[in-house]
S.K.: 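Have a look at this one before I ask anything.
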Amino acid sequence: MFSLQKLIWMTKIEEMAIRLLTLLTIGGLFTSCGSKKSIDLLIYNATIYTVDSTFSIAEAFAVDKGKIVETGRSEDLKSKYNARESLDAGGKYVYPGLIDAHAHFIGYGQSLNRVSLVGTTSWEDCVNRTREFTKKNDVEWIQGRGWDQNDWAEKEFPDNQALNELFSDIPVFLTRIDGHAAIANDKALQITGIKAGDKIDGGIIEVKDGKLTGVLVDNAVDLVSSKIPPMNVSELTEALLEAQLNCFAVGLTTIDDCGLDHEVIDVIDSLQKSGQLKMRLYVMLSDVRKNYKYLIDKGKIKTDKLNVRGFKIYSDGALGSRGACLLHPYSDKPGWTGFLLSSKEHFDSVANVIYNHGFQMCTHAIGDSANRVLLETYAKYLKGPNDLRWRIEHAQVIDANDFKFFSDYNIVPSVQPTHATSDMYWAGERLGKERLINAYAYHHLMEQNGWIPLGTDFPVEDISPFKTFYAAVVRKDAKGYPEGGFQPENALTRKEALRGMTIWAAKSNFEENEKGSLEIGKWADFIITDRDLMTTEESDILGTKVLKTFIAGEKVFEADKK
């Protein structure tokens, strides 16, 4: 028999053992939990195109404080991290947030509250849409955008007679799809003081039978547009936020806004810092003296969401309105070569200022003559290999002898694939077969430096980046025309097109170390789509739907689940 004292002693040992076991168990649990790192977000069960240097594919990635901390296999990351939010992608497809390397974000926002003339089939159609707009909108100026005479049976510029009859007491100003031509009614012309016989460098004021037709081309457009009262801060804010919603819905997370005045920079910065404007913007300032002074005094502007370091220059107009400057006459207008919008001396002077202050020069150049003038100007200052990333926006028609400028001086061709598929119906008439071979030559341009940024130029084109991807890869328009593609030898591969809309677009903005691919240390800007752009049938690309859009790990868009 045990003594009572021995029994008490054994009971105490048992109690201590139980306590120790309990502590070890609890400690083990804490140790197990403590070995997992806490993060904000874990995405798993996905096909993730990281768009890194090897174009690797992952199943999952971890996000903390807005940036990617690891990519890898779903089970590995789930066992390694405790996420405040986990998202099972359901096997769907993840890409870096899409970047539009050339667009007009504010212009698009403004257009949402104006007469849309996109897709009109005649001038009469334009007039009817304008009349219907005024029944629902009380405005001081009637403004619209989107007409294209090349889409009409009568492919000539219209006149303003119908506008004068319908709107004798209110100014009307309707710009062509490319923004390089417009038609104004007599009231608008009277307000701006334009008279028949007036001339302007780099522009045309059309006259027929001694009377103004209302049609203005290139620099003449500014004679009217400069007189239209600008948006106030409230109106600008509304336009920006509405544009942002539409852009998130198609997967855009960064947009290059090409050609703004400095006054809007503070508004953009304020809206971004308040959290209202989440879209990241790379802004090019317009080629105006006040903007040069502003950026020289202030220096390059760089925040997490805003980057201002470059200038947008216009060398010529558009091919559709025959304002593009060609080396030889238009095939469909003998004796006419178009014109430069400024003198060669002006281009040289601004290049000098931009070079000496370390800014980026981004020049709109359509015709082969305009491209040559700017390429030669760039070469004068760049002198050889460099990393200044001066850009030619559009680089649309290049003489065969001038492609070498891009590689010799590391000049970046910034192109918009849907321009090719929009213009292909009539570009041959403007250029002729021989010149057309070196137009919209995106693959050839890509070969010059081994990379090429892609954009849309919206609202000139649709905002959809999937139309950009489709046009770049398939070289067809949304109707599936033409069979076999337009000049298919200049198509990009799917990998090249995706890089052009992500990492290469980021590189053109000096931002490749912070976005454009899903790699450790970069912003968690990404989208989830319902189909695989790398493998889906060509005919299914345009049907791609964005399911979710994220910026810095924050969901900014989710598609309806209907």
S.K.: Taking the six-membered ring of Trp523 as reference, does the cationic atom of Arg280 (NZ for Lys, CZ for Arg) lie under 6.0 Å from its centre and within 45° of its axis?
M.R.: yes
S.K.: Are Tyr425 and Tyr481 an aromatic pair by the rule of ring centers under 6.0 Å?
M.R.: yes
S.K.: For the residue pair Trp336 and Phe339, categorise the inter-ring angle as parallel (less than 30°), tilted (30 to 60°) or perpendicular (more than 60°).
M.R.: perpendicular
S.K.: Looking at Lys383, I want to see if its NZ is surrounded by more than 12 non-hydrogen atoms of other residues, nucleotides or ligands under 6.0 Å.
M.R.: yes
S.K.: Under 3.5 Å, side chain of Asn438 to main-chain N/O of Leu436, donor-acceptor pair present?
M.R.: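 No, Asn438 side chain to Leu436 backbone: no donor-acceptor pair under 3.5 Å.
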S.K.: Do other residues, nucleotides or ligands put more than 12 heavy atoms under 6.0 Å from Lys290 NZ?
M.R.: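 Counting neighbours around NZ of Lys290, more than 12 heavy atoms of other residues, nucleotides or ligands fall under 6.0 Å, so yes.
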S.K.: Measure from NZ or CZ of Arg309 to the centre of the six-membered ring of Phe510, then state whether that distance is under 6.0 Å and the direction lies within 45° of the axis.
M.R.: yes
S.K.: Glu461 and Ser422: side-chain donor and acceptor closer than 3.5 Å?
M.R.: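 Yes.
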S.K.: Over all heavy atoms of both residues, which pair between Gln149 and Arg176 is shortest? Give the atoms and the distance, please.
M.R.: OE1-NE, 2.9 Å
S.K.: Between Gln416 and Tyr440, does any side-chain donor sit less than 3.5 Å from a side-chain acceptor?
M.R.: no
S.K.: Begin from the C-alpha positions of Tyr378 and Phe405 and carry the test ring pair (Phe, Tyr, Trp, His ring centres under 6.0 Å) through to its verdict.
M.R.: CA-CA 9 Å; Tyr378 279 24; Phe405 279 99; 9.9 Å; no
S.K.: Are a donor atom and an acceptor atom from the side chains of Glu489 and His443 found within less than 3.5 Å of each other?
M.R.: no
S.K.: Please verify the inter-ring angle class for Phe157 with Trp147; under 30° counts as parallel, over 60° as perpendicular, anything in between as tilted.
M.R.: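 It falls in the perpendicular class, over 60°.
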S.K.: Between Ser315 and Ala370, what is the shortest heavy-atom contact and its length?
M.R.: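 Nearest heavy atoms, Ser315 then Ala370: OG-CB, 3.4 Å.
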S.K.: For Lys298, does the NZ atom sit with more than 12 other heavy atoms under 6.0 Å from it, leaving out its own atoms?
M.R.: no
S.K.: Step through the shown structure and confirm whether more than 12 heavy atoms of other residues, nucleotides or ligands are within 6.0 Å of CG on Asp201.
M.R.: no
S.K.: Compute both the distance and the angle, then confirm whether Lys155 meets the cation-pi test with Trp426: under 6.0 Å from the six-membered ring centre, within 45 degrees of the axis.
M.R.: no
S.K.: Regarding Asn410 and Asp387, is there a side-chain donor-to-acceptor distance under 3.5 Å anywhere?
M.R.: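 Checked: Asn410/Asp387 side chains show no N/O donor-acceptor pair below 3.5 Å.
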S.K.: Would one find more than 12 heavy atoms of other residues, nucleotides or ligands at under 6.0 Å from atom NZ of Lys333?
M.R.: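 It does: Lys333 NZ has more than 12 such atoms within range.
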S.K.: Without hydrogens or angle criteria, can the side chains of Arg391 and Ser508 be said to hold a donor-acceptor pair below 3.5 Å?
M.R.: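 There is such a pair (donor and acceptor under 3.5 Å, judged by atom type) between the side chains of Arg391 and Ser508.
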S.K.: With no hydrogens and no angle check, do the side chains of Asp457 and His102 hold a donor and an acceptor under 3.5 Å apart?
M.R.: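 There is such a pair (donor and acceptor under 3.5 Å, judged by atom type) between the side chains of Asp457 and His102.
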S.K.: Ignoring hydrogens and geometry beyond distance, is a side-chain donor-acceptor pair present between Tyr381 and Asp348 at under 3.5 Å?
M.R.: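 Tyr381 vs Asp348: donor-acceptor pair found between side chains.
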S.K.: Centroid separation under 6.0 Å, is that true for the rings of Phe458 and His104?
M.R.: no
S.K.: Can Gln110 and Arg145 be counted as having a side-chain donor-acceptor contact under 3.5 angstrom?
M.R.: no
S.K.: What closest approach, in Å, do Leu492 and Met446 show between heavy atoms, and which atom pair accounts for it?
M.R.: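 Smallest interatomic distance, heavy atoms only, reads CD2-CB, 4.2 Å.
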S.K.: Examine Phe526 together with Tyr95 and report whether their ring centres are nearer than 6.0 Å.
M.R.: no
S.K.: Determine whether the aromatic ring centres of residues His364 and His180 are separated by less than 6.0 angstrom.
M.R.: yes
S.K.: Would you say the side-chain atoms of Lys467 and Thr456 include a donor-acceptor pair closer than 3.5 Å?
M.R.: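 No pair is found: no donor N or O on one side chain lies under 3.5 Å from an acceptor on the other.
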S.K.: Does a donor on one side chain and an acceptor on the other come within less than 3.5 Å for Asp287 and Tyr292?
M.R.: yes
S.K.: Do His419 and Gln396 meet the criterion of a side-chain donor-acceptor pair at a distance under 3.5 Å?
M.R.: no
S.K.: Using the side-chain hydrogen bond (donor to acceptor under 3.5 Å, both in side chains) rule, pick out the option among Lys302, Lys300, Glu511 that qualifies with Asn307.
M.R.: Glu511
S.K.: Could you report the tightest heavy-atom contact between Val224 and Thr192, atom names first, then the distance?
M.R.: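 For Val224 and Thr192, the tightest heavy-atom pair comes out as CA-CG2, 3.6 Å.
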S.K.: Determine whether more than 12 heavy atoms belonging to other residues, nucleotides or ligands lie under 6.0 Å from atom NZ of Lys522.
M.R.: yes
